[in-house]
Amino acid sequence: MTETVPAVEICHLVKDFRTSFKRLPLRAVDDVSIRIMPGEVYGLIGPNGSGKSTTMKALLGLVAPTSGQCSIFGKDSLQVDSRNEVGFLPENPYFYKHLSGLETLKFYGKLCGSKGVKLRSRVEELLELVDLSDARQRRIGVYSKGMLQRIGLAQAL
């Protein structure tokens with residue numbers, strides 16, 4: 001019998017930050033443990049300041065835990081290759097306003113190592129999926145909020 005590796009595993013995560021006032025420690029995440037198996041869907045909910053975003057940033061390797069460990073499909077989150085199959089769409093994504101939707105997706109695709117025919121094909125597929133094919137040549141700076149959310153989703157995918 002083979003054991004399935006968790007899609008996400010967070011074990012005893014603690015994250016402390018130093019405040020600007022007297023450099024006092026502030027505990028943003030206090031001993032959080034979560035295990036999510038492949039195919040399971042979870043929501044991380046809580047009030048403002050409860051550590052949801054910090055937990056996600058630790059899982060994505062964007063901040064290092066003070067203690068504890070985070071992994072994605074068994075790979076430590078601090079390893080760059082742990083995020084190869086992960087898409088992330090922050091609440092307020094930043095895009096280069098001078099690029100078109102097409103150029104934006106090509107840019108992020110290249111950052112992920114895609115190129116050539118495969119990149120062009122995937123970009124076209126994603127623009128179609130999020131219903132932005134007609135706006136592919138428009139600059140991101142003139143996109144509506146809904147269009148920005150859709151290009152963000154395409155970028156995360």
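Note that this is a predicted model, so its numbers are computed, not measured. Atom set for the values below is all heavy atoms of this structure, side chains included, hydrogens, waters and symmetry mates excluded.
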Please tell me whether M37 and Y42 are part of a single hydrophobic cluster in this structure, the criterion being side-chain heavy atoms less than 4.5 Å apart.
no

Are I34 and L44 close enough that some pair of their side-chain heavy atoms sits under 4.5 Å apart?
yes

If you draw a 6.0 Å radius around NZ in K106, do more than 12 non-hydrogen atoms from other residues or ligands fall strictly inside?
no

Please report the interatomic distance CG(L99) to OH(Y108), rounded to the nearest 0.5 Å.
8.5 Å

Who passes side-chain contact (heavy atoms from CB on, under 4.5 Å) against S133, sequence neighbours left out?
L127, E128, R136

Only pairs under 3.5 Å count here: list side-chain donor-acceptor contacts from residues 110-123, not counting sequence neighbours, and write none if there are none.
unit_1, atom_1, unit_2, atom_2, d
R122, NH1, E125, OE1, 3.3
R122, NH1, E125, OE2, 3.1
R122, NH2, L157, O, 3.3

Identify each donor-acceptor pair in which a side-chain atom of residues 60-71 lies under 3.5 Å from a protein atom, sequence neighbours left out, and give them as a table.
unit_1, atom_1, unit_2, atom_2, d
T66, OG1, D16, N, 2.7

P38 side chain near F73 side chain, heavy-atom distance below 4.5 Å:
yes

Closest heavy-atom pair and its distance - A58, S77
O-CB, 3.7 Å

Is it the case that atom CG in D81 sees more than 12 heavy atoms from other parts of the structure closer than 6.0 Å?
yes

Under the side-chain contact (heavy atoms from CB on, under 4.5 Å) test, residues paired with L24 that sit two or more places apart
T19, F21, K22

Under 4.5 Å between side-chain heavy atoms, hopping through other hydrophobics if needed: is there a path connecting I72 to L78?
no

Ring-face cation of K15 near F17 (centre distance under 6.0 Å, axis angle within 45°):
yes

Carefully, step by step, assess F107 and Y96 under the rule ring pair (Phe, Tyr, Trp, His ring centres under 6.0 Å).
CA-CA 10 Å; F107 172 75; Y96 296 107; 5.7 Å; yes

Quick check for you: to the nearest 0.5 Å, what is the distance between I140 atom CD1 and F95 atom CZ?
6.5 Å

Is there a path of hydrophobic side-chain contacts, each under 4.5 Å between heavy atoms of I/L/V/M/F/W/Y residues, joining V142 to I151?
no

Do you know the tightest heavy-atom contact between A154 and L126?
O-CD1, 3.5 Å

Could you tell me which residues satisfy salt bridge (Lys or Arg N to Asp or Glu O under 4.0 Å) with D30, sequence neighbours excluded, listed by chain and number?
R27

Taking L102 as the starting point, is it possible to reach M147 by hopping between hydrophobic residues whose side chains are less than 4.5 Å apart?
yes

Working to the nearest 0.5 angstrom, can you tell me the gap between I10 CD1 and R35 CZ?
12.0 Å

Honestly curious: do V86 and V5 fall in one hydrophobic cluster under the side-chain, below-4.5 Å linking rule?
no

Taking all non-hydrogen atoms of both residues, which atom of V29 and which atom of G51 are closest, and how far apart?
CG2-O, 3.7 Å

Take a 6.0 Å sphere around CD1 of I45 and say whether it holds more than 12 heavy atoms from other residues, nucleotides or ligands.
no

The reported gap from CG in L132 to OG in S100 (rounded to nearest 0.5 angstrom) is 11.0 Å

Measuring only between side-chain heavy atoms, which start at C-beta, is S33 closer than 4.5 Å to L13?
no

Partner residues of Q149 under the side-chain contact (heavy atoms from CB on, under 4.5 Å) criterion, sequence neighbours left out:
K145

